[in-house]
Amino acid sequence: MSNLWDQQQNKIEVYLDDNKEPIAVYSPPARFELDTTTLDDGEHKLTVIAYSEDGKKSVRDVKFIVRNGPGITIQGLKENDIVEGKISLLVNAYGASAKEKWEPTTAETPSPIPSWIWVLFILIVAWSMFYFINQWNPPEEFANTPTYKKPQITEVTKEASQNLTAINGADIYRKSCSSCHQENGQGLTNVFPPLMSDDVVKAKDPTEHIRIVLFGLQGKVINGIKYSTPMPAWADQLSDEEVAAVVNHERTSWGNNAQLVQAKDVRKVRENRK
Ligand code: HEC
């Protein structure tokens, strides 16, 4: 009789674990409640067998794990760890099926502070020290002691770069000399002598060159020409560095290729005159 019923209708049998008797028999679709509290914690298997009207059957196993007991954490020992001597373990149990509501607080297990928090902490401390040192203004009476005095780097470089741009031989020549000797160093015939291929400018010993620029020149006959205008003196207008720069500009321009001078050479000539 039951066989006839089997073959005529769709039917679903539900088995738990390896039990021979089904825990439920339904005709599909079926919704039912499985009360896991009656099961032991651990692995279980639900087997659903479905029969079609012509008696064909299919089987589906679903393995699942019941855990109604408290959760367990162990710190200090992992699966397959190799240990020796005494080891210290932290064991905790949390959560239980008996409770209606699962409370997250009871699930908290003390754990070591993660290393990224330490890294963050160190970065913040380092940054705040950096910030503090940079922002801190020392008390007035200590402000200029070597310990607290801030290096005046910005001002020094500013001054240095001003000097650099100021001491440019070509600039000085253009400003102070080219009106007479001309930009191209060829002077003006019979009025201002050329400095291009000039004996004084090309001379290996630069003393005369420096002396003329510093103290001027008057009445000298250069290459057979007597110049009626004097060459002005620059000692009061140009520093040693500036004279050296403009002298070097003349010594290396318009095809001239004479030995260079330094500010200290200019200083020597200047001092000898005094
Ligand atoms: C106002 C015009 C004038 C200016 C500006 C002038 N010079 Fe002269 N310079 C002369 C004259 C003129 C002579 C020739 C003087 C003489 O022969 O007595 C001369 C001579 C010279 C000589 C010597 C040439 C030689 O063969 O003896 C040198 C070097 C020289 N000048 C360099 C300079 C430099 C460097 C500057 C700029 C810092 C300059 N001069 C600015 C007019 C000028």
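Scope of the values below: all heavy atoms of this structure, side chains included, with no hydrogens, waters or symmetry mates. Please read all numbers here as calculations on a predicted model, not as lab measurements.
- No donor-acceptor pair closer than 3.5 Å links the side chain of S253 to the backbone N or O of E250.
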Check: residues 220-230 side-chain donor-acceptor pairs under 3.5 Å, at least two apart:
none

What pairs of donor and acceptor atoms, side-chain ones from residues 14-22 against any protein atom, are under 3.5 angstrom apart with sequence neighbours left out?
unit_1, atom_1, unit_2, atom_2, d
Y15, OH, E13, OE1, 2.7
D17, OD1, H44, ND1, 3.4
D17, OD1, K45, N, 2.7
D17, OD2, H44, ND1, 2.9
N19, ND2, L16, O, 3.4

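- Hydrophobic side-chain contacts under 4.5 Å tie F130 to no other Ile, Leu, Val, Met, Phe, Trp or Tyr residue.
- Other residues sharing the hydrophobic cluster of I65, ordered by chain and number and joined by side-chain separations under 4.5 Å: none, the residue standing alone.
- Between the D41 side chain and the N68 main chain, a donor and an acceptor come within less than 3.5 Å of each other.
- Proximity of K11 to V25: side-chain heavy atoms (C-beta onward) are separated by under 4.5 Å at one or more points.
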Side chains of residues 76-87: which donor-acceptor partners sit under 3.5 Å, not counting sequence neighbours?
unit_1, atom_1, unit_2, atom_2, d
D81, OD2, K78, N, 2.8

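- Using a 4.5 Å cut-off on side-chain heavy atoms (C-beta onward), V243 and V261 make no contact.
- Taking W254 as the reference, Y173, H249 meet the ring pair (Phe, Tyr, Trp, His ring centres under 6.0 Å) condition, with sequence neighbours excluded.
- Side-chain contact check for L123 versus W127: every heavy-atom pair is 4.5 Å or farther apart.
- Between L260 and T252, some side-chain heavy-atom pair lies under the 4.5 Å cut-off.
- For the pair V246/S176, no side-chain contact is recorded, criterion being any heavy-atom separation below 4.5 Å from C-beta on.
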